[in-house]
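Naming convention: chains lettered A, B, ... in sequence-line order (proteins, then strands); numbering from 1 in each chain. Scope of the values below: all heavy atoms of this structure, side chains included, with no hydrogens, waters or symmetry mates. Only a predicted model underlies this, so the values are computations on that prediction, with no experimental measurement involved.
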Protein chains: 2
Amino acid sequence: MVAPFAVLAEPARRRILDLLRERPRLVGELSAELGLSQPGTSKHLRVLREAGLVEVQAIAQRRRYALRAAPLAELDDWLAPYRRFWTRRLDALERELDRMEDA
Amino acid sequence: MVAPFAVLAEPARRRILDLLRERPRLVGELSAELGLSQPGTSKHLRVLREAGLVEVQAIAQRRRYALRAAPLAELDDWLAPYRRFWTRRLDALERELDRMEDA
DNA sequence: CGGCTATATAACCAAGTAGCTATGGTGTGG
DNA sequence: CCACACCATAGCTACTTGGTTATATAGCCG
């Protein structure tokens, strides 16, 4: 139940979640798509599992991993109070772009 | 221009941003509030600076650090496609809580 | 100018970790 | 029931990193 920040610091793990967002996958599929060794993939999956970010379904000797996005809410909560800081800037940028289009 | 994920994996750095969200601060203030050594604090500030998450203003021999939230948008972008996955669950939870209140 | 304050950088160390290969466990299918 | 496929874990290594102390740089003030 480590904060998801540390878990998501690893690009490979973000990539796994991106893939699972599409549909659940077997370890072998993930390993192939990541271009990573099978044990390496399993290690990342373990971290994600312990963080509650994925759930496993056993199908014979296979393991189907699926996304569990709930813990990401914690990340969103941390982010929330910052949102107004950059939306302002984006608004300013948009106005700037609009001005450039006019010219 | 490292992805902000790795930068924010460190609790001390998230704490720094939280403090700067309130108001800009000097290194000494941050060091004190974090309970960290001054060099340690400076090291974190360097990482945040290189990630574009803070900006510095020199005042004599002091350094006033301020929040620059723009790079957090990248984090928000990554998070966006996941949002619908847990809002569903939260909605369900809310309905459940409403039901409990009624009882 | 001399000493003090504020900060950055350097050098070092201990701990964590991501990758690998090797191996173990388990269920399938021929 | 046996050889194989799928996956997890163990064990190793190289690298990264967060913390420290020591030192350098720079500006202030008496």
Short side-chain N/O contact to D:dC7 OP1/OP2 from A:Ser42, under 4.0 Å: no

Length of the line joining A:Lys43:NZ and D:dA10:P, which is rounded to integer Å: 11 Å

Atom-to-atom span, CD of B:Gln38 to P of D:dG18 - whole angstrom: 17 Å

Touch class at under 4.0 angstrom, heavy-atom based, for A:Leu26 against every strand present: sugar-phosphate

First of A:Arg13 and A:Ala60 reached from the 5' end of DNA chain C, by closest nucleotide: A:Arg13

Side chains of A:Leu67 and A:Leu53 in contact at under 4.5 Å (non-hydrogen atoms): no

Phosphate contact (D:dA26 OP1 or OP2) by B:Arg63 side-chain N/O below 4.0 Å: no

Touch class at under 4.0 angstrom, heavy-atom based, for A:Arg64 against every strand present: nothing

Partners meeting side-chain hydrogen bond (donor to acceptor under 3.5 Å, both in side chains) with B:Arg14 (sequence neighbours left out): none

Exam field: side chain B:Glu74 to backbone B:Pro71, donor-acceptor pair closer than 3.5 Å: no

Touch class at under 4.0 angstrom, heavy-atom based, for A:Gly40 against every strand present: nothing

Below 4.0 Å: OP1/OP2 of D:dA8 and any side-chain N or O of A:Arg46: no

Distance in angstrom units between A:Glu29 CD and D:dC7 P, rounded: 8 Å

Side-chain N or O of A:Tyr65 closer than 4.0 Å to phosphate OP1/OP2 of D:dC6: no

Close side-chain approach of A:Leu8 to A:Leu17, heavy-atom, < 4.5 Å: yes

A:Arg83 with A:Asp76: basic N within carboxylate O range, under 4.0 Å: yes

Short side-chain N/O contact from B:His44 to OP1 or OP2 of D:dG19, under 4.0 Å: yes

Spacing of A:Leu45 atom CG relative to D:dT9 atom C1', expressed in whole Å: 14 Å

Nucleotides bounding contact with chain B, strand DNA chain C, heavy-atom threshold 4.0 Å: C:dT5 to C:dA11

Cation-pi geometry met for B:Arg21 and A:Tyr82 (6.0 Å, 45°): yes

Axial cation check for B:Tyr65 ring with B:Arg25, 6.0 Å and 45° limits: no

Residue whose closest nucleotide on DNA chain D lies nearer the 5' end, A:Thr41 versus B:Gly35: A:Thr41

A:Val47 vs A:Gln61, nearer the 5' end of DNA chain C by closest nucleotide: A:Val47

A:Arg62 CZ to D:dA8 C1', straight-line distance once rounded to whole Å: 16 Å

